[in-house]
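Values below: all heavy atoms of this structure, side chains included; hydrogens, waters and symmetry mates excluded. Quantities reported herein were computed from a predicted structural model and do not represent experimental measurements.
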Amino acid sequence: MKTGKEHSRRTLTEITLLSEQEFIHLEERVKERFDYPLHRHPELELNFIEHFQGLRRVVGDSVETVKGDMELVLIGSNLAHRWEEAEDFVQQPVHEITIQFSPTIFEGALFRHIHFAGMRALLAHAEQGVCFGEQAVAHVLPLLRRIATMPAGFDRLQMMMKILHSLGSEEDYRLLSTGSFSDSKAPITDSERIEIVTNYIRTHFTEVIRLEDLASMAYMSPTAFSSFFHLRTHKRVSDFIIDERIGYAIRALLEGRRSVSQICYDAGFQNVSNFNRQFKKRRGCTPRAFRDGYRKGEECPENLLNSLEVDEEKREIRPKKG
């Protein structure tokens, strides 16, 4: 078994299809290639694969060639994992059943009952990844095939509980990753990801900010992060950064101590022409016209001054939100 240091890989965060109104997302598929990157997600995952040859499994700091032609693995929340093609991989139709489920299923007094002791222990082991032996797989295989045919709803949830209860009573299993590998610093909610990134931008907007760095903070690929950020903030990443820089520039222009060019670079813009263009696009006039109008007590074009708000407590003037 290789350790994480010997097998360093970039880990992406998958945005699963599990909605806030659902507990379980199931996908059954037949595929011939295994090229999905190393990834993690807040949801737990039970993954069943059969009819393969030449696969390698990566779970945390465990890297193993999969023996046999069938396996069942339980992956814990935010535990990095992937299945990849080994040197002896044979391209052929592979059957896979993937069940992702929310950790919130197991919250509440009900699951503290003694009847759920085995399931609680199983979920604790999932933090390291659990690989089940042939006997355990044989016990739950009929249930896995049945749940794959069931529509979303209470019956599927009930069947999932039955599967987990059965696996919780099994002794034919082994843990995969070392206990120290779990990344407890990984954000587990979309809100946390957005908060981490926006706080960073608001603190470092005067510097060069790379999309790749922001995506890394959210444990996502740059492409996935761009879509995710726009979905959550209704702004592109670049526009969010520019808005922060323009807000800073407006405050500096009103103070009146620095030149327009100095404010341009202090705000994080790389050249004055781009600063003028972005400022006029958002505020209806150039930075110089804005400051001249303010000094003369005149309104800037498009009633610019009406777009500002005053925070009396912080003694700040800034653009209104929205």
Side-chain angles (χ1 to χ4, degrees), residues 10-21 37-43 77-78 80 102-104 182-255 258 263-271 274-284 287 290 304 306-322:
R10 180 177 176 81
T11 306
L12 306 179
T13 293
E14 176 187 2
I15 305 300
T16 68
L17 297 178
L18 190 68
S19 71
E20 295 180 357
Q21 287 75 39
L38 186 68
H39 63 285
R40 58 161 62 88
H41 40 71
E43 296 78 16
S77 177
N78 284 319
S102 171
T104 59
S182 178
D183 187 357
S184 60
K185 295 183 179 179
I188 62 173
T189 68
D190 292 348
S191 297
E192 286 178 324
R193 293 187 180 99
I194 288 296
E195 183 178 3
I196 288 170
V197 171
T198 55
N199 284 346
Y200 179 86
I201 292 174
R202 289 181 175 122
T203 305
H204 297 84
F205 65 84
T206 60
E207 307 167 12
V208 175
I209 298 178
R210 299 172 62 249
L211 176 63
E212 292 78 5
D213 294 335
L214 299 179
S216 178
M217 294 175 194
Y219 295 86
M220 302 171 72
S221 70
T223 302
F225 172 73
S226 294
S227 300
F228 167 75
F229 189 90
H230 186 270
L231 179 65
R232 290 286 170 172
T233 66
H234 306 292
K235 288 184 179 182
R236 295 184 304 173
V237 176
S238 57
D239 287 336
F240 189 95
I241 296 171
I242 290 172
D243 285 347
E244 290 297 316
R245 290 172 174 167
I246 294 296
Y248 171 88
I250 287 175
R251 293 191 294 272
L253 288 166
L254 293 178
E255 290 171 358
R258 287 171 282 174
I263 292 172
C264 161
Y265 296 113
D266 289 348
F269 290 96
Q270 299 301 303
N271 58 75
N274 183 45
F275 174 46
N276 286 333
R277 182 170 60 253
Q278 297 295 344
F279 195 100
K280 187 172 184 178
K281 177 181 177 181
R282 286 162 172 77
R283 299 303 168 190
F290 171 79
L304 175 60
N306 291 332
S307 68
L308 303 178
E309 63 181 4
V310 178
D311 188 325
E312 298 289 353
E313 182 178 347
K314 295 183 179 179
R315 300 179 65 82
E316 291 181 350
I317 301 174
R318 58 171 177 262
K320 290 181 180 178
K321 296 181 179 179

Novice: Please enumerate all residues that pass side chain to side chain donor-acceptor pair (under 3.5 Å) together with R236, with sequence neighbours excluded.
Specialist: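 By the side chain to side chain donor-acceptor pair (under 3.5 Å) rule, R236 matches D239.
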Novice: Determine the minimum heavy-atom distance between E195 and T198, stating which atoms define it.
Specialist: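 So the two residues come closest at O-OG1, 3.4 Å.
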Novice: Could you report the tightest heavy-atom contact between Y265 and Q270, atom names first, then the distance?
Specialist: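 Shortest heavy-atom separation between Y265 and Q270 comes out as CE2-O, 3.3 Å.
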Novice: Hey, could you give me the NZ/CD1 distance between K281 and I242, rounded to the nearest 0.5 Å?
Specialist: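 One finds 7.0 Å between NZ of K281 and CD1 of I242.
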Novice: Which atom names give the shortest non-hydrogen contact between P42 and P103, and what distance separates them?
Specialist: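 The pair with the smallest heavy-atom distance is O-CG, 3.6 Å.
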Novice: Which residue is it: F275, F279, F205? I am looking for the one with a ring pair (Phe, Tyr, Trp, His ring centres under 6.0 Å) to F269.
Specialist: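 Result for ring pair (Phe, Tyr, Trp, His ring centres under 6.0 Å) with F269: F275.
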Novice: Nearest 0.5 Å, please: how far is CG in N78 from CD in E43?
Specialist: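 So the CD of E43 and the CG of N78 are separated by 8.5 Å.
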Novice: What pair of heavy atoms forms the shortest contact from L211 to P222, and how long is it?
Specialist: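 Nearest heavy atoms, L211 then P222: CD2-CB, 4.1 Å.
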Novice: Above 12 or not: heavy atoms from other molecules or residues under 6.0 Å from CD of E207?
Specialist: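 More than 12 within 6.0 Å, yes.
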Novice: Between F229 and F240, what is the ring plane arrangement, given parallel below 30°, perpendicular above 60°, and tilted in between?
Specialist: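 Rings of F229 and F240: perpendicular, as their planes differ by over 60°.
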Novice: What is the ring orientation for H204 with Y200, classed by angle as parallel under 30°, tilted 30 to 60°, or perpendicular over 60°?
Specialist: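 Ring orientation of H204 relative to Y200: parallel.
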Novice: Which atom names give the shortest non-hydrogen contact between T206 and D266, and what distance separates them?
Specialist: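 Of all heavy-atom pairs spanning T206 and D266, the closest is CG2-O, 3.1 Å.
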Novice: Can you name the closest pair of heavy atoms from P287 and N276 and give their distance?
Specialist: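 Result for this residue pair: CD-OD1, 3.2 Å.
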Novice: Rounded to the nearest 0.5 Å, what separation is found between the CD1 atom of I209 and the CD atom of E244?
Specialist: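 Nearest 0.5 Å value for the CD1-CD distance: 9.0 Å.
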Novice: How long is the span from the CZ atom in R282 to the CG atom in D243, to the nearest 0.5 Å?
Specialist: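 Going from CZ on R282 over to CG on D243, the span is 4.5 Å.
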Novice: To the closest 0.5 Å, what do you measure between OG1 (T233) and CD1 (I201)?
Specialist: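 So the gap between those two atoms works out to 8.5 Å.
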Novice: Just verifying a value: how many Å separate R193 CZ and F228 CZ, rounded to the nearest 0.5 Å?
Specialist: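 Answer for the CZ-CZ pair, R193 versus F228, is 5.5 Å.
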